[in-house]
Amino acid sequence: MSMPRSLETIVHDLNALTAEEFAYRKPTDRGMECLDAICDDVLSLPVPSAAFPEFFRLMERLSDSDLGSPGSLVHTMERYVGAYEDLLAESVSRKPTTLTVWMVNRVLNGATKDKSKWMGILTVAADHPAASHVTREQARRFVALQPRK
């Protein structure tokens, strides 16, 4: 059995990922495979949530790349309810991406409390200057789809 990888090694691998590795149908398309392996390694850490800030940095850095829907990053974080939500809110306030806006919508779909907080985050994302046009449109669609209560 191999030794678990350190958080530092995992962060190095996350930082080494490029948009080209997520360009589907290209010889360099190995991004999803790498993300899956990285997420498996994160799950073996003593505190997996220590890697979550790096997940959000990756989502912001590669905001135009398809990192899954939801994909291994989201599935890994969603195993730890309560450990990623504040980081998600911070990430969306810095630079909303299609994936982080989608995550906010998922939180809203399951939220029994804090709905107004998450709706506010989604509403701000719909006009955020750092968000792409596609991300802003997606945020607007999610705002329109969320029930008003």
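We're numbering straight along the sequence, starting at 1. Computed from a predicted structure; not experimentally measured.
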Give every donor-acceptor pair under 3.5 Å between a side-chain atom in residues 73-80 and any protein atom, sequence neighbours left out.
unit_1 : atom_1 : unit_2 : atom_2 : d
T76    : OG1    : S72    : O      : 2.7
E78    : OE1    : R106   : NH2    : 2.5
E78    : OE2    : R106   : NE     : 2.8
E78    : OE2    : R106   : NH2    : 3.3

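- The main-chain N or O of L108 is found under 3.5 Å from a side-chain atom of K115 such that the two form a donor-acceptor pair.
- Judged by distance alone, with hydrogens and angles left aside, the side-chain atoms of T135 form a donor-acceptor pair with the main-chain N or O of T98 at under 3.5 Å.
- With no hydrogens or angles considered, a side-chain donor-acceptor pair links Q146 and N109 at under 3.5 Å.
- Nearest heavy-atom pair, V101 versus A139, reported as atom, atom and distance to 0.1 Å: CG1-CA, 3.6 Å.
- Counting heavy atoms from C-beta on, the side chains of W102 and T97 never come closer than 4.5 Å.
- Screening residues 84-94 for salt bridge (charged side-chain N to carboxylate O under 4.0 Å, His left out), with sequence neighbours left out, gives E60-R94, D86-K117.
- When all heavy atoms are compared, the tightest approach of S91 to T100 is OG-CG2, 3.8 Å.
- In plain terms, the two heavy atoms of S6 and L45 that are nearest each other are C-CD2, 4.2 Å.
- Nearest approach of F52 to A83, heavy atoms of both residues: CD1-O, 3.9 Å.
- The CE atom of M32 sits 11.0 Å away from atom CG of L17, with the distance rounded to the nearest 0.5 Å.
- Using a 4.5 Å cut-off on side-chain heavy atoms (C-beta onward), P70 and M103 make no contact.
- For residues 123-141, the set of pairs meeting the salt bridge (charged side-chain N to carboxylate O under 4.0 Å, His left out) definition, not counting sequence neighbours, comprises D127-R140, E137-R140.
- Atom CE of M59 and atom CG of L99 lie 4.5 Å apart (nearest 0.5 Å).
- Interatomic distance, L14 CG to C39 SG, rounded to the nearest 0.5 Å: 7.5 Å.
- You'll find the side chain of V107 reaches within 4.5 Å of the side chain of Y84, heavy atoms only.
- Distance alone, capped at 3.5 Å, places no donor-acceptor pair between the E33 side chain and the R30 backbone.
- Residue pairs meeting the side-chain hydrogen bond (donor to acceptor under 3.5 Å, both in side chains) criterion with at least one partner in residues 38-55, sequence neighbours excluded, are R5-D41, E54-R57.
- A pairwise comparison of heavy atoms in N15 and R61 identifies O-NH2, 3.5 Å as the closest pair.
- Residues satisfying the side chain to side chain contact (heavy atoms under 4.5 Å, CB included) criterion with T123, sequence neighbours excluded, are V143.
- Summarising the geometry, atom CG belonging to D66 is positioned 9.0 Å from atom CZ belonging to F22; distances are rounded to the nearest 0.5 Å.
- Under the side chain to side chain contact (heavy atoms under 4.5 Å, CB included) criterion, V124 pairs with H128, sequence neighbours left out.
- In the hydrophobic clustering of this structure, L43 groups with L35; members are Ile, Leu, Val, Met, Phe, Trp, Tyr whose side-chain heavy atoms approach within less than 4.5 Å, directly or through other members.
- The shortest non-hydrogen separation linking I10 to I38 is CG2-CG2, 3.7 Å.
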